[in-house]
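Here is the structure we will look at, set down as structure tokens.
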Amino acid sequence: MYVCVQSYWFYEESLATVARAAARWRQPRDRRRPPSTPPTPSTPLSISPENLAVTLRPHPLSGQCMWTFGYPLPGTLPITTWDVNAPEFVPGSQCDSGRGSFGLTPLSNSDEEANAVEHLPAPSTPLSISTEKLAEALRPYLLSRQCMWTLGYPVEIEPMSSKAVVYINPPPRNRPWPNTSWDMDAPEFVPGSQCDSGRGSLGSTPRSDSDEEVDAVEHLCVRCDKTFRMTREGEFLKVEPCLYHWGRVSADCRFACCKSLWGSRGCSTARYHVWSGTRPGMNGPLEGYVRARSPRGGVYAIDTEMCYTTAGLELASIAVIAADGRLVYQSLVKPSSPVVDHNTRFSGIRPRDLARATKTLKDVQNDILGFVGTDTILIGHAMDNDLRALKLLHGSVVDTCALYPHARGFPMRRSLRALSEEFLGRIVQHGSVGHSPLEDARAAMDLVLLKIHKELASHALLSNHLPMFHPYNPLINAASLLL
């Protein structure tokens with residue numbers, strides 16, 4: 001009887017076990033096993049903020065770790081903009097535009113909206129710095145005499161002279177050689193004699209029996225790269241139109257003006273050919289140059305605009321600003337030679353502007369030497385052109401072309417418009433109305449001041465916050481390891 005009861009109980013338990021197993025297998029896979037009870041999340045102990053701060057002090061990131069991970073470190077730049085329409089500042093007076101000094105009143109909202117540029121970084125301007133400290137900070141960036149010679153600056157022939165020589169590098173693009181014919185039957189040239197065939201020297205003008213041909217000078221047009229001839233008095237022997245592209249050639253060998261391929265027919269037409277007044281190679285000795293005779297100090301930015309005359313490029317407009325953005329000098333200049341092309345697209349000079357110009361180059365030279373001394377630092381973009389137009393010999397120059405070199409190296413140069421757009425977030429030389437010398441001078445000054453401020457900020461950062469970048473000193477480093 002007992003065995004029967006036990007067998008029946010075992011039979012019922014087996015049926016129940018099989019029923020539970022079947023029910024479990026009929027359920028989804030994730031529900032076959034009951035989930036285990038999750039562990040209770042650990043919570044921190046009760047601690048006050050003061051005790052927590054004391055506990056965390058041994059674990060902050062070091063300056064080197066913050067530098068490595070890209071944390072922002074001290075040395076940010078305040079934002080201020082320049083007002084190019086500020087009233088004129090007269091040296092010695094109390095009139096100040098108050099818009100260009102470091103960290104002063106920014107432009108109004110309407111001015112900022114008018115000058116707004118999409119997708120550009122905010123302009124950065126440096127902190128307040130005295131003229132003396134700025135001049136001292138600019139000393140390492142002054143062009144050496146060799147750099148000035150290479151970049152085409154006028155260099156004096158001998159100390160304290162008014163004659164200069166200029167070396168012009170060949171242009172980076174291909175230009176044709178002047179059309180010069182060789183006469184195999186020319187008479188022999190004897191050194192010291194007055195007989196010269198004038199036919200064989202490279203680059204010389206072929207002569208003929210006509211007196212007009214004998215006095216002709218051959219020039220190379222800087223716009224269409226064609227040669228043309230003029231008399232020594234500045235008259236064209238043959239008047240023909242100049243077909244040229246006014247835009248630069250991009251990396252894909254297309255002109256920026258009409259997107260045509262390099263070598264295509266020009267998209268613009270001018271009445272005359274023009275030349276720059278200089279030739280590749282040595283130029284000089286050149287007369288009429290002036291220089292400062294006594295020290296006056298100061299830091300100024302200069303920009304000039306020129307027009308084409310029968311003698312080449314001549315000064316037509318000039319603007320000078322101080323380091324704090326004040327307008328120091330501005331004037332229109334009457335060229336000494338007849339104007340061939342006003343070059344309005346780039347210079348902004350129109351015939352009516354030169355019609356009301358009263359000052360000559362000599363007058364402007366006297367005005368400039370009134371506040372520019374031997375130790376005055378002049379700032380500009382491609383200042384070799386400005387000093388040649390001013391006929392000014394000066395040795396303390398900071399050129400933004402050298403300060404912000406081209407990625408492809410010399411003789412390529414970055415334009416002032418590209419530098420201003422990239423580093424200042426400001427577009428200059430925009431539109432077909434021409435350049436403004438005041439706007440360009442302020443852009444050049446801002447670029448230099450921005451560079452100086454970044455150098456000072458990085459120097460202070462490395463000195464105060466990142467001692468690991470200091471030069472290795474065996475005594476100091478060995479002593480620190482023993483501690």
Side-chain angles (χ1 to χ4, degrees), residues 135 138-159 161-175 220 222 248-249 275-286 288-292 299-306 312-315 318 320 346-347 368 372 374-420 422-423 428-429 435 437 440-441 443-448 451-452:
L138 288 174
R139 296 294 176 190
Y141 300 100
L142 296 180
L143 293 180
S144 63
R145 185 179 178 87
Q146 182 179 3
C147 289
M148 296 180 69
W149 173 262
T150 305
L151 293 176
Y153 280 79
V155 180
E156 60 185 0
I157 296 180
E158 57 185 13
S161 69
S162 60
K163 296 182 180 180
V165 290
V166 177
Y167 178 77
I168 302 298
N169 287 279
R173 56 181 176 173
N174 296 326
R175 290 176 182 267
L220 185 66
V222 297
R248 291 191 175 187
V249 181
W275 71 301
S276 61
T278 57
R279 302 173 183 272
M282 183 72 70
N283 293 264
L286 306 175
Y289 277 75
V290 298
R291 62 179 307 141
V299 178
Y300 302 102
I302 292 182
D303 188 78
T304 62
E305 301 298 339
M306 292 153 278
L313 283 171
E314 290 196 35
L315 183 66
I318 181 176
V320 184
F346 298 101
S347 67
I368 293 296
V372 173
T374 55
D375 58 343
T376 302
I377 298 179
L378 298 182
I379 296 173
H381 184 80
M383 278 201 67
D384 52 311
N385 301 315
D386 301 322
L387 294 187
R388 288 201 303 266
L390 283 169
K391 291 190 174 182
L392 177 64
L393 294 170
H394 197 71
S396 301
V397 175
V398 177
D399 198 326
T400 52
C401 287
L403 206 61
Y404 298 88
H406 198 280
R408 295 168 58 185
F410 182 80
M412 304 299 294
R413 301 184 181 186
R414 300 192 65 183
S415 64
L416 181 62
R417 178 177 180 177
L419 292 176
S420 178
E422 178 179 350
F423 294 99
V428 298
Q429 304 173 355
H435 302 178
D440 293 351
M445 177 65 78
D446 286 353
L447 287 170
V448 173
K451 181 75 171 182
I452 293 299

Atom of [X], atom of [Y] and distance for their closest heavy-atom approach:
X      : Y      : result
Gly281 : Asn283 : O-ND2, 3.0 Å
Trp275 : Val222 : CA-CG1, 4.1 Å
Ala382 : Asp399 : N-OD1, 2.9 Å
Tyr289 : Leu392 : CD2-N, 3.7 Å
Pro154 : Arg388 : CD-CG, 3.9 Å
Cys401 : His381 : SG-CE1, 3.4 Å

Can you tell me if Asn169 uses its side chain to pair, donor with acceptor, with the backbone of Thr150 under 3.5 Å?
yes
Aromatic ring pairing Tyr167/Trp149, orientation class (parallel under 30°, perpendicular over 60°, tilted between):
parallel
Rounded to the nearest 0.5 Å, how far apart are [atom1] of [X] and [atom2] of [Y]?
X      : Y      : atom1 : atom2 : answer
Asp440 : Thr304 : CG    : OG1   : 9.5 Å
Met148 : Met383 : CE    : CE    : 8.5 Å
Thr278 : Leu313 : OG1   : CG    : 8.0 Å
Leu151 : Ile168 : CG    : CD1   : 10.0 Å
Ile157 : Ser162 : CD1   : OG    : 9.0 Å
Glu156 : Lys163 : CD    : NZ    : 13.5 Å

Check the pair Leu138, Val299 against side-chain contact (heavy atoms from CB on, under 4.5 Å), reporting the backbone distance first and the verdict last.
CA-CA 9 Å; Leu138 288 174; Val299 178; 3.9 Å; yes
With a 4.5 Å heavy-atom cut-off, do Lys451 and Phe423 have their side chains touching?
no
One pair to check against side-chain contact (heavy atoms from CB on, under 4.5 Å): Ile368 and Ile318. What are the steps and the verdict?
CA-CA 10 Å; Ile368 293 296; Ile318 181 176; 3.8 Å; yes
Criterion side-chain contact (heavy atoms from CB on, under 4.5 Å) on Leu387 and Val397, from CA distance to verdict:
CA-CA 10 Å; Leu387 294 187; Val397 175; 4.2 Å; yes
side-chain contact (heavy atoms from CB on, under 4.5 Å) for Leu142 and Val398? Distances and angles first, verdict last.
CA-CA 5 Å; Leu142 296 180; Val398 177; 3.6 Å; yes
Check this for me: does any side-chain nitrogen of one of Asp384 and Arg413 sit under 4.0 Å from a carboxylate oxygen of the other?
yes
